[in-house]
Amino acid sequence: MRIERRLLRYLTPRGGWFSLALATAFLASLLDGLIVVLLIPLLKYLFGTAGALTAQAPSRLEDVIDWVLRPLIAGATPGQAAARILSLLVAGLIMKNVFGYLTKQIQVAIQEGLVRDLRVALFDHLLHLDLDYFQRTRAGQLISSLIVDVDQVKHVVTAALAKLFQNAVVIVVTLIILSQISWRLTLLVLATAPFLVIGMRQLLRRLRRHSRARADERGVITSTIAERIGAIKLIRAYGEEAGELERFDRQSQQYRKKVIRTMRFSSLMSPVSEMFGGLLIILIIFVGMRPSIVGGVPLSAEAVVVFLVAALRVMSPIKKIAEFPAAMAVALASAERVFEVLDRPEADRDRPGEVPAQFAQEIRYDGVAFRYPGGPKVLDRVSFTIPKGRVVAIVGPSGAGKTTLVDLLPRFHDPTEGSILLDGVPLTQLTRSSVRALMGVVGQETILLNDTVHANIAFGAPGATREQVVRAAVAANAEEFIDDIPDGYDTMLGERGTRLSGGQRQRIAIARALLRDPPILILDEATSALDPASERLVQEAIDHLMKDRTVLVIAHRLSTVRHAEEIIVLDNGTVVERGDHGALYRAGGLYRRLYDLQFRDEPLTALEPSAPLP
Ligand SMILES: Nc1ncnc2c1ncn2[C@@H]1O[C@H](COP(=O)(O)OP(=O)(O)O)[C@@H](O)[C@H]1O
Ligand SMILES: [Mg+2]
């Protein structure tokens, strides 16, 4: 029930339209009933057997019909009367379909609005989930939820509800007609309903479970496609086409099985309810033909015809109502997947009580420890202070925790112990948006969007003019290659920027950070993909950029951090040495070892004229 109620909440804003749909559906069903009712006088005038229609003659229903129709058929011959009733019947039919069409249109509008709301809510939620979630969840599952699951959900609310209501009206109207002919028969019809409900329940439980499994499997396939497209070069380079095909074939096979299993149950709904309806009609005819049960008088020919028409008419709505839970089961399985994501607490949104960040003095790490969920400590007892305007380098072996350390500053994660203070205020008391607005981040992986060069540089500064973008590109030493590509700044970069080399992409990322002109700059191996020549160019740009800024720079090549005012050496998550290049080199610790190791490995790039200091 919980999921249903939550879905209803999404309908509340559309209450007005929903009521309108219910009203038109009601009118359509009423007209539908009217068409059946009109059969009574029509048959009466056609066969000329007035008054002998029901077992309990004269029935109230007939009196009402006679009274309503009197102006229409007063003074007419039975033939004319039949013709007039027939035209009324056709008019009713047309009106019924007009209202039916209107209902459908409103329903679609409500449904698609609901789907849009749910989709946008899900996307909004994703934008604010903790980073950790994305590392544990395959993108394909989320894509599948955003595209297919939210779309499935619409069947729950509008289609099903309106249909349920519409069909319930038809059933009630028909039952009234039936009860006028024989209330005993009607009771009999009603008495069979619980059997249908009980019979369906078992089926539905399984259907829901299998639908869920099918939706999960669909997510697996979507994930595989998305991931393999991203890894196409890898697959080719290692000749894994056949292996990948086999894996994909296996997953498709798996999905096929899940679909067939689901369909086995959903297809069973229709025959089961149809069989049930058939048996019901046989029961009606069987019982109706027995005067002892229907009330003493055998039913007339017209009575049987009307009764059968009514009973057959009621079949289709009963069937639809019986199928309604099946549609529900499939949709609820999808809704469950959507709500599972929506139920994850949003970790990354400004909270009440957080205040805007100020940065005039210093950044301080105070006894910071951090562990990724379920993992060991990757940082421990990290304490240091960076006065505003200082350039600090962080070095250490790969896996030492350098990236994690700088990721804590824009609050990509919060420390598990200790705190990071900005001008003495813990980051956790500051809004993420204001903290991040102070920083430009160039990460280890350059992330480019499938957009123009201009848009990629201006990301995060949407109002930037072309002039500002060009200035940033010049400062990042990217101007030259941008001018060389066909459409310059208007060139579309392919999916994930595949049209650029690694070094070019890094320079775009640097230009992007420069354009924001942030007081704090975080460079995490921002020049690692550059060749020594362009690295020197970019390094110049960075040196220029570092002026008047507070910088945390992680550099792969130690030659590039030699000029940092302070170097923090990290090993195994703890700070093992601190100082400037000269002091650290002389100390002969980890820094010295790393430095010597690099010079041995890369004698050509590192042997600058001013190289090895003391
Ligand atoms: N998202 C993550 N989830 C779990 N462990 C992680 C994650 N990112 C990094 N680690 C682990 O944290 C440690 C430090 O990683 P990282 O900060 O990237 O080191 P560095 O940047 O110095 O190479 C490593 O042992 C790594 O395996
Ligand atoms: Mg790293």
Side-chain angles (χ1 to χ4, degrees), residues 126-139 141-142 223 227 230 344-345 347-348 363 365 367-384 386 391-418 420 427 432 439-447 502-503 505-506 509-510 513 520-530 535 538 542 551-561 564 566-578 584 589-591 593-595 597-598 601:
L126 286 180
L127 287 179
H128 296 97
L129 281 179
D130 53 317
L131 286 175
D132 187 53
Y133 177 77
F134 295 94
Q135 271 153 19
R136 281 182 292 104
T137 313
R138 297 178 77 181
Q141 288 286 3
L142 295 173
S223 303
E227 289 159 14
R344 291 196 57 82
D348 201 279
I363 298 167
Y365 278 61
V368 170
F370 182 77
R371 62 173 87 231
Y372 288 98
K377 269 188 190 171
V378 296
L379 289 178
D380 199 15
R381 289 164 302 171
V382 173
S383 299
F384 56 81
I386 305 173
V391 175
V392 174
I394 297 161
V395 304
S398 144
K402 305 181 295 293
T403 299
T404 308
L405 183 79
V406 295
D407 272 358
L408 296 178
L409 202 51
R411 290 192 70 185
F412 291 148
H413 315 282
D414 283 331
T416 33
E417 283 167 41
I420 301 171
L427 285 182
R432 287 159 212 268
M439 299 169 191
V441 181
V442 183
Q444 233 165 335
E445 305 161 45
T446 46
I447 302 163
R505 297 166 47 147
Q506 278 196 330
I510 292 167
I520 300 171
L521 195 63
I522 298 171
L523 304 166
D524 186 355
E525 306 197 355
T527 58
S528 60
L530 300 180
E535 179 173 15
V538 175
I542 289 178
V551 183
L552 275 94
V553 53
I554 300 173
H556 166 74
R557 279 176 216 149
L558 297 186
S559 56
T560 61
V561 300
E566 185 174 11
I567 299 170
I568 294 174
V569 186
L570 207 63
D571 190 24
N572 249 323
T574 53
V575 177
V576 291
E577 289 177 86
R578 280 179 69 176
L584 288 175
L590 179 60
Y591 181 80
R593 280 207 302 284
L594 291 171
Y595 195 85
L597 216 58
Q598 273 203 1
D601 287 351

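Both counts, for ligands and for their atoms, begin at 1 and track the order of listing. Everything numeric here is computed off the predicted structure, so don't read it as measured data.
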Engineer: Looking at T574 and D571, would you say the former's side chain and the latter's main chain have a donor-acceptor pair under 3.5 Å?
Structural biologist: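 Side chain of T574 to backbone of D571, a donor-acceptor pair under 3.5 Å: yes, one is there.
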Engineer: Test your reading of the model: is there a side-chain donor-acceptor pair from K402 to the backbone of V569, 3.5 Å cut-off?
Structural biologist: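 Not at all, since once roles are kept as given, no pair shorter than 3.5 Å links the two residues.
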Engineer: From T403, does some N, O or S atom reach closer than 2.8 Å to the Mg ion (ligand 2)?
Structural biologist: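 Yes, within the cut-off.
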Engineer: Identify the protein heavy atom lying closest to atom 24 (C) of ligand 1, giving its residue, its atom name and the separation to 0.1 Å.
Structural biologist: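 Going atom by atom, the protein heavy atom closest to atom 24 (C) of ligand 1 ends up being G399 O, 3.9 Å.
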Engineer: Are the side chain of T416 and the backbone of A369 linked by a donor-acceptor contact shorter than 3.5 Å?
Structural biologist: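 Checking the backbone N and O of A369 against the side chain of T416, a donor-acceptor pair under 3.5 Å is found.
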Engineer: Among protein heavy atoms, which sits nearest to atom 19 (O) of ligand 1, and what does the distance come to when rounded to 0.1 Å?
Structural biologist: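 That would be G401 N, 3.2 Å.
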Engineer: Under 4.0 Å from a heavy atom of T403: which atoms of ligand 1 are those, numbered in the order shown and with their elements?
Structural biologist: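 The atoms of ligand 1 under 4.0 Å from a heavy atom of T403 are 17 (O), 18 (O), 20 (P), 21 (O).
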Engineer: Would you say atom 27 (O) of ligand 1 makes contact with the protein, given that contact here means a non-hydrogen protein atom less than 4.0 Å away?
Structural biologist: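 No, because not a single protein heavy atom sits under 4.0 Å from atom 27 (O) of ligand 1.
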Engineer: So which heavy atom in the protein is nearest atom 1 (N) of ligand 1, and how far is it from that ligand atom?
Structural biologist: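 In this structure, atom 1 (N) of ligand 1 has Q135 OE1, 2.6 Å as its nearest protein heavy atom.
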Engineer: Main chain of I567, side chain of Y591: is a donor-acceptor contact present, judged purely on distance under 3.5 Å?
Structural biologist: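 No; zero donor-acceptor contacts below 3.5 Å.
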Engineer: Of all the non-hydrogen atoms in the protein, which one sits nearest to atom 22 (O) of ligand 1, and at what distance?
Structural biologist: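 In this structure, atom 22 (O) of ligand 1 has K402 N, 2.8 Å as its nearest protein heavy atom.
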Engineer: T404 to ligand 1: N or O pair under 3.5 Å?
Structural biologist: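 Yes, at least one N or O pair falls under 3.5 Å.
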Engineer: Check the angle between the aromatic planes of H413 and F370 and answer parallel, tilted or perpendicular using the 30° and 60° thresholds.
Structural biologist: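 Correct class here is tilted.
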Engineer: Does an N or O from A400, backbone or side chain, lie closer than 3.5 Å to an N or O of ligand 1?
Structural biologist: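 Yes, at least one N or O pair falls under 3.5 Å.
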Engineer: Taking I522 as the fixed residue, which of I554, I394, D407, L409 is the one that meets the side-chain contact (heavy atoms from CB on, under 4.5 Å) rule?
Structural biologist: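 That would be L409.
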Engineer: Between F412, Y372, F370, flag the one that comes closest to atom 5 (N) of ligand 1 by a heavy atom.
Structural biologist: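 It is Y372 that holds the nearest heavy atom.
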Engineer: Roughly how far, to the nearest 0.5 Å, is the CG atom of D524 from the OG1 atom of T403?
Structural biologist: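 Separation between the atoms: 3.5 Å.
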Engineer: Contact between ligand 1 and S398 is defined here as a heavy atom of the residue under 4.0 Å from a ligand atom; is it met?
Structural biologist: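 So S398 counts as touching ligand 1.
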Engineer: I'd like the name of whichever of L131, L405, V378, L570 reaches closest to atom 12 (O) of ligand 1 through any heavy atom.
Structural biologist: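 Answer by nearest heavy atom: V378.
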Engineer: Indicate the atoms forming the closest heavy-atom contact of L570 with A400, along with that distance.
Structural biologist: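 Shortest heavy-atom contact: O-CB, 3.5 Å.
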